[in-house]
Colleague: 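Sharing a structure below in structure tokens format, with a few things to ask.
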Amino acid sequence: QVQLMESGGGSVQTGGSLTLSCTISEWTHIHQNLFMGWFQQRPGKTREGVATISSDGTPIYLDFVRDRFTISRDVAKNTLYLQMNNLGPDDSAMYYCAAGPARSARTAYLSRGDYIYWGQGTRVTVSS
């Protein structure tokens, strides 16, 4: 079983920045490739993928965050990051780290149904 744990959430003012981290347990003995992503769930809304990255490091972003968020992964540290800049009140949400297996190192998806491993989430609050 692969386990994920997020950290780095908190409260910031509009225009501020935060970096979320997600540590993932050892998975290479279970899956050949694993894509990872960050999901945002605003109050009363469904969970939505905002950024994902393939095993070979190729990122995909939701248009809403494309020029403000950067997803990256440190393979040696088994850690996924989400650098969030120019935050606004609409970014206030629970953020979840997730991972999904793939046959290809180039595969990554933003669809929630493609992920089988999930963290517990970390809260981000942006005040105006």
Side-chain angles (χ1 to χ4, degrees):
Q1 180 72 9
V2 178
Q3 297 180 331
L4 296 88
M5 181 176 294
E6 304 94 336
S7 62
S11 298
V12 296
Q13 292 186 330
T14 296
S17 299
L18 278 176
T19 299
L20 306 182
S21 300
C22 173
T23 57
I24 182 170
S25 61
E26 178 58 39
W27 58 267
T28 57
H29 63 291
I30 304 173
H31 302 291
Q32 183 176 4
N33 298 290
L34 205 67
F35 56 89
M36 299 186 70
W38 288 99
F39 284 73
Q40 178 192 75
Q41 187 164 17
R42 303 173 190 173
K45 304 294 185 182
T46 59
R47 196 173 298 185
E48 182 178 38
V50 295
T52 182
I53 189 167
S54 62
S55 285
D56 70 357
T58 302
I60 300 173
Y61 297 97
L62 187 68
D63 286 345
F64 178 69
V65 306
R66 184 180 304 278
D67 297 324
R68 301 184 298 120
F69 291 8
T70 301
I71 188 171
S72 62
R73 62 193 294 177
D74 187 325
V75 176
K77 295 182 179 180
N78 275 342
T79 303
L80 179 74
Y81 302 98
L82 185 69
Q83 172 68 42
M84 304 186 294
N85 297 323
N86 193 22
L87 288 163
D90 285 346
D91 296 313
S92 294
M94 285 292 291
Y95 284 79
Y96 297 89
C97 170
R103 293 183 178 181
S104 169
R106 294 173 292 179
T107 299
Y109 301 105
L110 279 175
S111 173
R112 179 178 176 179
D114 291 304
Y115 291 79
I116 62 173
Y117 303 113
W118 292 87
Q120 294 300 307
T122 185
R123 184 174 300 279
V124 172
T125 302
V126 185
S127 59
S128 57

Colleague: Just by modelled atom types, is the Ser104 backbone N or O under 3.5 Å from a matching donor or acceptor in the Gln32 side chain?
Modeller: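 Side chain of Gln32 to backbone of Ser104, a donor-acceptor pair under 3.5 Å: no, none is there.
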Colleague: Name the residue from Val50, Asp67, Ile71, Leu110 that meets the side-chain contact (heavy atoms from CB on, under 4.5 Å) definition with Tyr61.
Modeller: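 Passing option: Ile71.
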Colleague: Report the C-alpha separation of Phe35 and Asp56 in whole Å, then their side-chain angles, then the decisive distance to 0.1 Å, and conclude whether the side-chain contact (heavy atoms from CB on, under 4.5 Å) test is met.
Modeller: CA-CA 9 Å; Phe35 56 89; Asp56 70 357; over 6 Å; no
Colleague: Hey, mind stepping through Gln41 and Tyr96 against side-chain contact (heavy atoms from CB on, under 4.5 Å) and telling me if it holds?
Modeller: CA-CA 8 Å; Gln41 187 164 17; Tyr96 297 89; 3.7 Å; yes
Colleague: Testing the basics here: between Ser128 and Pro89, what is the closest heavy-atom pair and its distance to 0.1 Å?
Modeller: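 Taking Ser128 first and Pro89 second, the nearest heavy atoms are CB-CG, 4.1 Å.
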Colleague: Among the clusters formed by ILVMFWY side chains lying less than 4.5 Å apart, do Met94 and Leu82 turn up in the same one?
Modeller: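 Different clusters.
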Colleague: Is it the case that one hydrophobic cluster holds both Val126 and Phe64, taking links as side-chain heavy atoms less than 4.5 Å apart, direct or via other members?
Modeller: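 Yes, Val126 connects to Phe64 through the hydrophobic network.
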Colleague: Met36 and Ala99: which non-hydrogen atoms are nearest, and at how many Å?
Modeller: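 For Met36 and Ala99, the tightest heavy-atom pair comes out as CG-CB, 4.0 Å.
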Colleague: Would you say Val12 and Val65 are hydrophobically clustered, going by side-chain heavy atoms of ILVMFWY under 4.5 Å?
Modeller: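 Yes: a chain of side-chain contacts under 4.5 Å links Val12 to Val65.
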Colleague: I'd like to check the side-chain contact (heavy atoms from CB on, under 4.5 Å) partners of Ser11; sequence neighbours left out, ordered by chain and number.
Modeller: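 Ser11 satisfies side-chain contact (heavy atoms from CB on, under 4.5 Å) with Thr125 once adjacent residues are dropped.
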Colleague: Closest heavy-atom contact between Asn85 and Ser17?
Modeller: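 Shortest heavy-atom contact: OD1-OG, 3.0 Å.
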Colleague: Side chains of Arg68 and Asp91: closer than 4.5 Å at any heavy-atom pair?
Modeller: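 In short, these two side chains touch, coming nearer than 4.5 Å.
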Colleague: Return the minimal non-hydrogen interatomic distance between Tyr117 and Leu4, and the atom names on each side.
Modeller: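 Taking Tyr117 first and Leu4 second, the nearest heavy atoms are CB-CD1, 3.4 Å.
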Colleague: Side-chain heavy atoms under 4.5 angstrom apart, residues restricted to Ile, Leu, Val, Met, Phe, Trp, Tyr: same cluster for Ile116 and Leu80?
Modeller: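 Same hydrophobic cluster.
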Colleague: Examine Trp38 and Met84 and state if one hydrophobic cluster contains both, with Ile, Leu, Val, Met, Phe, Trp and Tyr joined whenever side-chain heavy atoms are less than 4.5 Å apart.
Modeller: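 Same cluster.
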Colleague: Kindly give the heavy-atom pair with the smallest separation between Thr107 and Ala102, and that separation in Å.
Modeller: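 That would be CB-CB, 3.7 Å.
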Colleague: Can you confirm whether more than 12 heavy atoms, excluding those of Arg66, are under 6.0 Å from its CZ atom?
Modeller: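 It does: Arg66 CZ has more than 12 such atoms within range.
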Colleague: Side chains of residues 19-27: which donor-acceptor pairs under 3.5 Å do they make with residues two or more places apart or in other chains?
Modeller:
from: Thr19; atom 1: OG1; to: Gln83; atom 2: OE1; distance (Å): 2.4
from: Ser25; atom 1: OG; to: Gln3; atom 2: N; distance (Å): 2.8
from: Glu26; atom 1: OE2; to: Thr28; atom 2: N; distance (Å): 3.1
from: Glu26; atom 1: OE2; to: Thr28; atom 2: OG1; distance (Å): 2.2

Colleague: Is there a donor-acceptor contact under 3.5 Å from the side chain of Arg47 to the main chain of Phe39?
Modeller: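 A pair under 3.5 Å: no.
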Colleague: Counting only N and O atoms by type, is there a donor-acceptor contact under 3.5 Å from the side chain of Thr14 to the main-chain atoms of Gly88?
Modeller: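 No; zero donor-acceptor contacts below 3.5 Å.
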Colleague: I would like to know whether Val124 and Leu18 meet side-chain contact (heavy atoms from CB on, under 4.5 Å); could you show each step before the answer?
Modeller: CA-CA 9 Å; Val124 172; Leu18 278 176; 3.8 Å; yes
Colleague: Has Arg42 got a side-chain atom pairing as donor or acceptor with Asp90's backbone, closer than 3.5 angstrom?
Modeller: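 Checked: pair present.
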Colleague: Return yes if some donor-acceptor pair links the side-chain N/O of Tyr115 with the main-chain N/O of Tyr109 below 3.5 Å, else return no.
Modeller: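 The answer is yes, because a donor-acceptor pair under 3.5 Å joins these two groups.
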